Protein chains: 2
Amino acid sequence: MPARPAAHRPTLEAVAARAGVSRATVSRVVNGGAGVRGPLAERVRAAVDELGYIPNQAARTLVTRRNGAIAVVVAEPESRFFTDPFFAQQVRGISRELAAHDNQLVLLLTGGAADHERVGRYLTGGHVDGALIFSLHADDSLPVIARNAGVPTVIGGRPTWPDPDTRRRTLYVDCDNRGGARDAVRRLLALGRRRIAHIAGPLDQPASIDRLDGFRDVLPDIAPGLIAEGDFTPEGGARAMERLLERSPDLDGVFAASDVMASGALRVLRARGRRVPDDVAVVGFDDMVSVAEWTDPPLTTIRQDIEEMGRLMAQLLLHALEPASDPDGVPAVSSIITPTRLVVRASA
Amino acid sequence: MPARPAAHRPTLEAVAARAGVSRATVSRVVNGGAGVRGPLAERVRAAVDELGYIPNQAARTLVTRRNGAIAVVVAEPESRFFTDPFFAQQVRGISRELAAHDNQLVLLLTGGAADHERVGRYLTGGHVDGALIFSLHADDSLPVIARNAGVPTVIGGRPTWPDPDTRRRTLYVDCDNRGGARDAVRRLLALGRRRIAHIAGPLDQPASIDRLDGFRDVLPDIAPGLIAEGDFTPEGGARAMERLLERSPDLDGVFAASDVMASGALRVLRARGRRVPDDVAVVGFDDMVSVAEWTDPPLTTIRQDIEEMGRLMAQLLLHALEPASDPDGVPAVSSIITPTRLVVRASA
DNA sequence: TTGAAAGCGCTAACAC
DNA sequence: GTGTTAGCGCTTTCAA
């Protein structure tokens, strides 16, 4: 199939011969041409074109130790990755930032632990200059693998490793989940609600835990019956809402840990004849516009700028890659917590 | 941040010294250990562990001309890629097949033409052994770039290049869009429908064209008013349905070029008081289960096995990579058209 | 400004 | 079986 099989590709050597110069000169021209006289450079460029020369990246990487590619590792099953708009937004932010610095984004999906080994090999094998890892669950080994292999890494979301020293040296980007949750609950209190429930995310994820913690910050004496765990899907939100109504029929406010779960909860409230926000006020989290603006009624929620977080992750990594940054100690840059903001629509 | 900076990583040489053997022996052990005596191999393995040796892929690729990675190139904006379940299924099929052969899947997204150049560089730079390209629109240059660079490629969907010789040499996997469309229309005819309309996909995509052609195969004298172009979204399907009803209020059957568009059409039919299938029978295409089973009524549709198509694409490529296959002529393997099948539910 | 030469880390003939 | 050796294609000192 190859028009010009890789095996027959011209090398620097060939170009040099053709242009009647040394390999070094060709290399200089190919890499920008600094310090090569105009006419000579022109001759070299002509030879490059005639031969259709394309530099061999493996050879280049071998000496420069750079390959202009950054891996984005998503440790989630494809199904989740492709359904949750969260990833789409994050990837877009990353993609933009990397493209701006002429780095190629390489997406690695690792559904099960079975893939971990191969992905780990890929990362440590030097195919990429660094990695952005989404390690949403507590038990993920990939960041550790990358770390041990000396692959600069930035994590999406707060990592959960117990060792404080390890944590301090790990770069991550997260939003102020806890503070945002507090704002959500305060909004409900300000509306005069006194029986406020929480639909939490899966409690093996730091984001869920932090949002629950924020909820408790404001409502420390909450009854356990007013908290139900969901799974970040609409169905999970609906089921949690049903459980809450059963246990606490008199509730008048709900803080859901995601807009998607809130949409499921709204459906149940409507089916049960509760008016929103009159009978029950609802606040979501994320401000996933494609969801929050289209629920009935539109959702009051806590906004986090997901695309911006993606961009920041890429920025942080690119920065850490600079030779100037401390090679072995505490990184010159530090982790980032982005702010959240209450967005008032009709549901609370 | 690196625990062990890449710069200080042990090399084969170091392991050899430590184990008191030659580099060649270490290399043999690392690559499976064939032809090395047990105890010696054991000593080498110990040295590898102690030093935490990891092979340098760039060096390896430089000599083997293989890097165990296959690119999947999606020439669509992220928004489309992440929303359309089609890609998720295809990628899953590919991913499974590649993993089974220990190849890493590398996903490259190229939203706009601006990214094309970088992606092209990545492909031709020898970062991957081959590429699977989804070139849904007619004007796509990526397959040509890959081809000229000698990167073995398999296309998802029938390519549209005019030159028959080029086409013959290009591997692709597609489903029998035209035949499937014929089956859809025949189903409607068998139900006694006589005023049958078609909601087409964007007509710059081969799949849309083929489905329209199949529709016309069975209904060659169709009035232009019975054909409306959609865009593979629910909204597009809804708008097309409205146009059709306006132009041909007496229609009694609809063949939509995708389940997603059909779902939008069903919504409009319901809003206009037409009963499905009594007043208007509807057939979709894809059998996207997450859609077809949940519409009201559930959708009769033409099934294509998308995941299987992904698997076949990967298989074809891996096969073309075998040294046995003809390096420069017509490939030893050939393109594949997968069959489709009518799936009867309630809408027709 | 240009060229010669020394590797980058690895694999694969070819000897022993 | 194991070691020796010659590259893979490129960048980058160092001299000229």
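Everything quoted here is computed from the prediction, not taken from an experiment. Because only heavy atoms are used, hydrogens play no part in the values below, and waters and symmetry mates are left out as well, while side chains stay in. Residue numbers begin at 1 in each chain, while the letters A, B, ... track the order of the sequences.
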Minimum heavy-atom separation for [X] to [Y], with atom names?
| X | Y | result |
| --- | --- | --- |
| B/Leu321 | B/Arg66 | O-NH2, 3.7 Å |
| A/Asn103 | A/Gly68 | ND2-C, 3.1 Å |
| A/Ile94 | A/Gly310 | CG1-O, 3.3 Å |
| A/Pro55 | A/Val30 | CG-CG1, 4.1 Å |

Of A/Gln57 and B/Val36, the one whose closest DNA chain D nucleotide lies more 5': B/Val36
Aromatic rings B/His127 and B/Tyr122: how do their planes relate, parallel, tilted or perpendicular, breaks at 30° and 60°? parallel
Is the backbone of [Y] close enough, under 3.5 Å, to the side chain of [X] for a donor and an acceptor to pair up by distance?
| X | Y | value |
| --- | --- | --- |
| B/Thr124 | B/Gly120 | yes |
| B/Arg43 | B/Ala19 | yes |
| B/Ser27 | B/Arg23 | no |
| B/Asn67 | B/Gly126 | yes |

Which nucleotide wins on minimum distance to the side chain of B/Leu40, given the candidates D/dT2, C/dG9, D/dG9?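 The answer is D/dT2, which lies nearest to the side chain.
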Once you round it to whole Å, what is the distance between [atom2] of [N] and [atom1] of [X]?
| X | N | atom1 | atom2 | value |
| --- | --- | --- | --- | --- |
| B/Leu62 | D/dC10 | CG | P | 9 Å |
| A/Glu13 | C/dG3 | CD | P | 13 Å |
| B/Arg66 | C/dC10 | CZ | P | 20 Å |
| A/Asn56 | C/dC8 | CG | C1' | 13 Å |
| A/Ile54 | D/dC8 | CD1 | P | 19 Å |

Each nucleotide N or O in nucleotides 11-13 of chain D that has a protein N or O under 3.5 Å away: list the pair and distance.
unit_1 : atom_1 : unit_2  : atom_2 : d
D/dT11 : OP1    : A/Asn31 : OD1    : 3.4
D/dT11 : OP1    : A/Asn31 : ND2    : 3.1
D/dT11 : OP1    : A/Arg60 : NE     : 2.7
D/dT11 : OP1    : A/Arg60 : NH2    : 3.3
D/dT11 : OP2    : A/Ser27 : OG     : 2.7
D/dT11 : O4     : A/Arg23 : NH2    : 3.4

Angle, rounded to 10°, between the helical axes spanning five pairs at each terminus of the helix from C/dT1-D/dA16 to C/dC16-D/dG1?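 Inter-axis angle at the ends, rounded: 40°.
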Return no unless some side-chain N or O of A/Thr11 is found under 4.0 Å from OP1 or OP2 of D/dG9. no
